[in-house]
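Below: one structure, written as structure tokens.
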Amino acid sequence: MAAKKIILHFGKDISDKPIIYHLAKDYELVFNIIKANVNPNKEGTVVLELTGEQYAKGLEFLESEGVRVQPLAEQLSRNELKCTSCGACTDICPTGALYLDRPSMEVRFDSDSCVLCQICVKVCPVKAMEVKF
Amino acid sequence: MAIEKTYAEINEKIRSGKAVVLTAEEVISLVEEKGVSEAARQVDVVTTGTFSPMCSSGVFLNFGHSKPRIRMTKAWLNGIPAYTGIAAVDVYLGATELPEDDPCNSNYPGEFRYGGGHVIQDLLEGKSIKLEALSYGTDCYPRRELETYITLDEINEATLFNPRNAYQNYNCAVNLSGKTIYTYMGMLKPNLGNAHYCSAGQLSPLLNDPYFLTIGIGTRIFLGGGIGYVAWHGTQHFPGIQTDAEKNSYGPAGGTLAVIGDLKQMKPEWLVGTSYLGYGATLTVGIGIPIPILNEDVMSCVSITDRDLYAPVVDYSEAYSQRIPGNLGYVSYAELKTGKITINGKEIPTAPLSSYPKAREIAGELKNWILRGDFLLSEPARLLPSYQDQITAKTLDIKGV
Ligand code: SF4
Ligand code: SF4
């Protein structure tokens, strides 16, 4: 099964629990952490790719522990009214999620390929790439 | 017999709805099919377009007089300083101006989220803009400070005046160094990691009139979604022909335009506040210029394609900043548009900074204006200096005292 990218939101009460360890150990899920921001006694987020037979069970476990799970695709979007199709982001995006359609030279955004590195958010000259948490 | 048309004849055709107008993209296939002479016979106007960041842009504003009156010595719009050394309540707001408390690049690479260009876009969007001003008092202008809000509709004049726009051609920027650099050509990755170019190529206004056969002072143009005019040649107008060490010619180099128009009839989608990470703020400007097909020479100029137009590849890590002459060779816009070029034996990805889809939209919009009879061509009062005038760039020497 294809890896799914999700965002885990941890409340400050559970930031010290070995939650990812249980995902791997108890549910045999394979994880690849893309981005993590977890600090003791603070709210935190972890963006990861997750695969495995027991994916659904793993998610149930997370929720039972009080972790809020969100699919990643919703997190970064291109404001199509703002984007000028300049193309400046297309060779910066590491995964090719932002790319030029040839020969029209229109810029397209494939949110499935996005790993939320957010480089485009910084380099876009008109701030058309928007992150929503 | 050679074709010769006058501006008056072309305008007569536009008025009577008989003019044949094509965009600079559309005319390419016609010329390939029919040849230059026949195409020159058939077509009256070719429209061009470009939509790119153009730093040398700004707006003259006249606010009207407060009660009691003030002569402004300092003025800010949404915190961005405007130049006041003009007349009492006139200011010039430049697109690259930043708030005085902007951290700039001390937070390297700086984000430059709001500058003069963003104020211009906000004005066009009808937003309310905070105006603050200070002055010393005089008998006729007693007020010393002022704080209020303005909108574009509420002020007297807003004249867009851009001293250097529509660069004829531009560098293709690369980075030879070992670290990422942040430039006005975008983020350049180390060790030739990418290449950025900035031109509409075959749609670009001055690449379609490389010898300035038609564009001059008073040429009526599409500017920021409204009608504007070419006021003069732009600053740094160096309309040479690029050649390499073996004297091979690579086409036009760097003519520029100074353009002017009434901001009040322009549109926010064609004047967009812009910022470059680690570099600064600016304004992205949409410009479209009609080229009257006066004769076959003009037709052969507008039939150029991305295959015939070349950009010099320049290292922005050192050669550009240290003003070291030379380049890493020339690449055609057709190659650049494929998404990769080969430099120093390495294949590297390319990306534009200039929107080709928007350039196409501008050329199409201008074509529609002309076809509808809403836009007549103006004959320039004087053509702009061309390569024949052999203008050369001066440099600034650092002199001691
Ligand atoms: S966040 Fe990263 S991966 Fe996603 S579109 Fe932007 S640059 Fe590409
Ligand atoms: S850099 Fe921004 S405006 Fe340009 S194509 Fe990418 S998302 Fe669109």
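So that the names make sense, note that chain A is the first sequence line, chain B the second, and so on, each numbered from 1.
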Check: So do Val107(A) and Pro357(B) actually touch side chain to side chain, heavy atoms under 4.5 Å?
Finding: no
Check: Given a strict heavy-atom distance threshold of 4.5 Å, which part of Phe51(B) is in contact with chain A: side chain, backbone, both, or neither?
Finding: side chain
Notebook entry, point to check: Under a 4.5 Å heavy-atom cut-off, does chain A meet the side chain of Ala195(B), its backbone, both or neither?
Noted result: backbone
Next item on the list: Identify the two heavy atoms, one from Gly87(A) and one from Ala351(B), that lie closest to each other, and give their separation to 0.1 Å.
Entry: O-CB, 3.5 Å
Give the atom names and distances for all donor-acceptor pairs closer than 3.5 Å across chain A and chain B.
| residue | atom | partner | partner atom | Å |
| --- | --- | --- | --- | --- |
| Thr84(A) | O | Ser355(B) | OG | 2.6 |
| Ser85(A) | O | Ser355(B) | OG | 3.4 |
| Ala88(A) | N | Pro352(B) | O | 3.2 |
| Asp91(A) | O | Lys189(B) | NZ | 2.9 |
| Asp91(A) | OD1 | His196(B) | NE2 | 2.9 |
| Asp91(A) | OD2 | Asn194(B) | ND2 | 3.1 |
| Asp91(A) | OD2 | His196(B) | NE2 | 3.0 |
| Arg102(A) | NE | Lys337(B) | O | 2.4 |
| Arg102(A) | NE | Thr338(B) | O | 3.4 |
| Arg102(A) | NH2 | Lys337(B) | O | 3.3 |
| Ser104(A) | O | Arg360(B) | NH1 | 3.4 |
| Pro125(A) | O | Ser275(B) | N | 2.8 |

Item checked: Segment of Ile92(A) engaging chain B (4.5 angstrom heavy-atom cut-off) -> both
Margin query: So if I take each residue of residues 23-31 of chain A and look for any heavy atom under 4.5 Å from a heavy atom in chain B, which residues do I end up with?
Written below: none
Next item on the list: Measure Ile119(A) against the heavy atoms of chain B and call it side chain, backbone, both or neither at under 4.5 Å.
Entry: side chain
